[in-house]
Amino acid sequence: MAAIPVHEWTLLDAARAVREREVSSRELTRALLERIDRMNPRINAYITILPEQAMREAAARDEELAAGGARGPLHGVPVALKDIFCTKGIRTTCGSRILHDFDPPYDATVTGKIREAGAVLLGKQNMDEFAMGSSTETSWFGPARNPWATDRIPGGSSGGTAAAVAAGTCFAGVGTDTGGSIRQPASLCGVVGVKPTYGRVSRYGMIAFASSLDQGGPIARTVPDAAAVLGVIAGHDRRDSTSVDVPVPDYLAATGRSVKGMRVGLPREYFAGGLDASVRTAVEKALGALVSLGAEGVEISLPHTEYALSTYYIIGPAEASSNLARYDGVRYGYRTEGAKGLIEMMSRTRGEGFGAEVKRRIMIGTYALSAGYYEAYYGKAQKVRTLLRRDFQEAFAGVDVILTPTAPTPAFRIGEKVDDPLTMYLSDIYTIPCNLAGIPGISVPCGMSPDGLPIGAQLLGRHFDEEAILAAAAAIEREIPLPRVAPEEG
Ligand code: GLN
């Protein structure tokens, strides 16, 4: 392992090396902080970097180990979090001006679990404002860049996390996914991203966008690394009433399972128009890999797929308009100066504090929920959501997992879609149905475009069957070896 630079190690190798005291947490943390110093000016993947605090945590983890005790599976391993997870006393911005200097009074459950597992927190990662976007261009802190080609977007909204992992600046990160925000950036940055079943990971302290869709999950360079992090953050939480009390299985063990006899559904609707030829070829290769290991490809239909995007863009904004009502300049966050009276203070605070995309969602959502339109828009969207969920239920009666592209194209250029919301929304066309149905999904690298950009395959599973998609993704990863750390001069 000595021949491989530290920043290219897998998380599991790093964890083992610390545990066996081949390397100290301080050495690992210092190496990655140096890597952040070198790479972050190019990719803008971090909003907040925590050098002193991370070194202090690393020293504490080293001492605990010397005294004979590892906290948990991530003991001494440097990781980072999307800046949507509350971190006590550490600025948590959600990519927005309105929270640009907000220091939460408590840790999110995910933050707490990462700490209990022994991980060292390197920093907070860039994201689209309030997780609304597919490119990280809506961030108040400027766009993150794709380390494979810095004139391109890293995807979004967890684009900072995916870019940071692909650039070797952390061993893993935790992102969130409301309509694709873990899987799409993972796909565009050539790394692995898991959107767990709704209710699998606690949303407590995770700043809300659309509460019935939001779910946190890992982004890492390998499937076993992602499985290890998922095992740490998953589980029931009394503080999130939508978190489900289902035992957490051994996800890491699932990555070693055989896929022989596995039935892999290929939804006709996901391989239709608008799909880039290089993406199609790469996903077909992923299928070939599974078939060569004894899995069986089965053509299926998810007939309501064409309604998913419009359903999402009613339900998502409706929930967002309600969740974002709390940013009023009264209790916390940004407040405008010199306003005369309460109404002017609130409207100017929100006018100055939110960016264009967030305002667009608040307006769409408020409209969809208003008297006279509620049934026509919101009520109807909920009914279509049920139809979409049934599509998956029926499909999973005959198959174990579903294989699709994660995104219709490889990473597009910065600026290319930012003024055209509809085109931007289309980049989540394959990821959104999964959130509406509440099922788990993963993106795993499966190829490269002719101009050297990563391509991901998406696997979808039954509710709480993350194990099947992890097994299939790990098999694809073993069969199709690809570089996981972007070259230094992308
Ligand atoms: N890109 C989608 C949106 O803008 C999904 C975002 C997400 O998953 N947070 O809503």
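We count ligands from 1, going down the list as the structure has it; atoms in each ligand are counted the same way.
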### Message
Under 4.0 Å from a heavy atom of Met132: which atoms of ligand 1 are those, numbered in the order shown and with their elements?
### Response
4 (O)
### Query
Which of the atoms of ligand 1 are close to Phe209, meaning less than 4.0 Å from one of its heavy atoms?
9 (N), 10 (O)
### Query
Do Arg361 and Glu357 sit within salt-bridge range, that is, some charged N less than 4.0 Å from a carboxylate O?
yes
### Task
May I ask you to decide whether Arg145 forms a salt bridge with Asp151, counting only side-chain N to carboxylate O separations under 4.0 Å?
no
### Message
Would Gly180 count as a polar contact of ligand 1, with the cut-off being nitrogen or oxygen pairs under 3.5 Å?
### Response
yes
### Query
Does the gap between the ring centers of Tyr198 and Phe464 come in under 6.0 Å?
no
### Message
I'd like to check whether Gly179 has a polar contact with ligand 1, where a contact means an N/O of the residue lying under 3.5 Å from an N/O of the ligand.
### Response
yes
### Task
Validate the cation-pi geometry between Lys124 and Tyr46: distance from NZ or CZ to the six-membered ring centre under 6.0 Å, angle to the ring axis within 45°.
no
### Query
Side chain, backbone, both or neither: which part of Arg361 comes within less than 4.0 Å of ligand 1 when only heavy atoms are counted?
side chain
### Query
Quick one: do Asp214 and Arg203 make a salt bridge, cutoff under 4.0 Å?
no
### Message
Quiz question: by atom type and distance under 3.5 Å, do the side chains of Ser243 and His236 form a donor-acceptor pair?
### Response
yes
### Query
Is the closest N or O pair between Thr178 and ligand 1 shorter than 3.5 Å?
yes
### Query
So which heavy atom in the protein is nearest atom 5 (C) of ligand 1, and how far is it from that ligand atom?
Tyr312 OH, 3.3 Å
### Message
Does only the side chain of Ala131 get under 4.0 Å from ligand 1, or the backbone, or both, or neither? Count heavy atoms.
### Response
both
## Note on the structure
So for Tyr313 against ligand 1, with non-hydrogen atoms under 4.0 Å, the contacting part is side chain
### Message
Taking 4.0 angstrom as the limit and counting only heavy atoms of Ser157, give me the atoms of ligand 1 inside it, by number and element.
### Response
9 (N)
### Task
Could you find the nearest protein heavy atom to atom 7 (C) of ligand 1 and give me its residue, atom name and distance?
Ser181 OG, 2.4 Å
### Task
Run the numbers for me: atoms of ligand 1, each under 4.0 Å from some heavy atom of Asp177, listed by number.
8 (O)
### Task
For the pair Asp107 and Lys88, find out whether any cationic side-chain nitrogen is under 4.0 Å from an anionic carboxylate oxygen.
no
### Message
Tell me whether Gly133 has any N or O atom under 3.5 angstrom from an N or O of ligand 1.
### Response
yes
### Query
Is Asp428 in polar range of ligand 1, meaning some N or O pair under 3.5 Å apart?
yes
### Task
Answer yes when Glu129 and Lys359 have at least one side-chain N-carboxylate O distance shorter than 4.0 Å, and no when they do not.
no
### Asp177 and Arg183 ion-paired at < 4.0 Å
yes
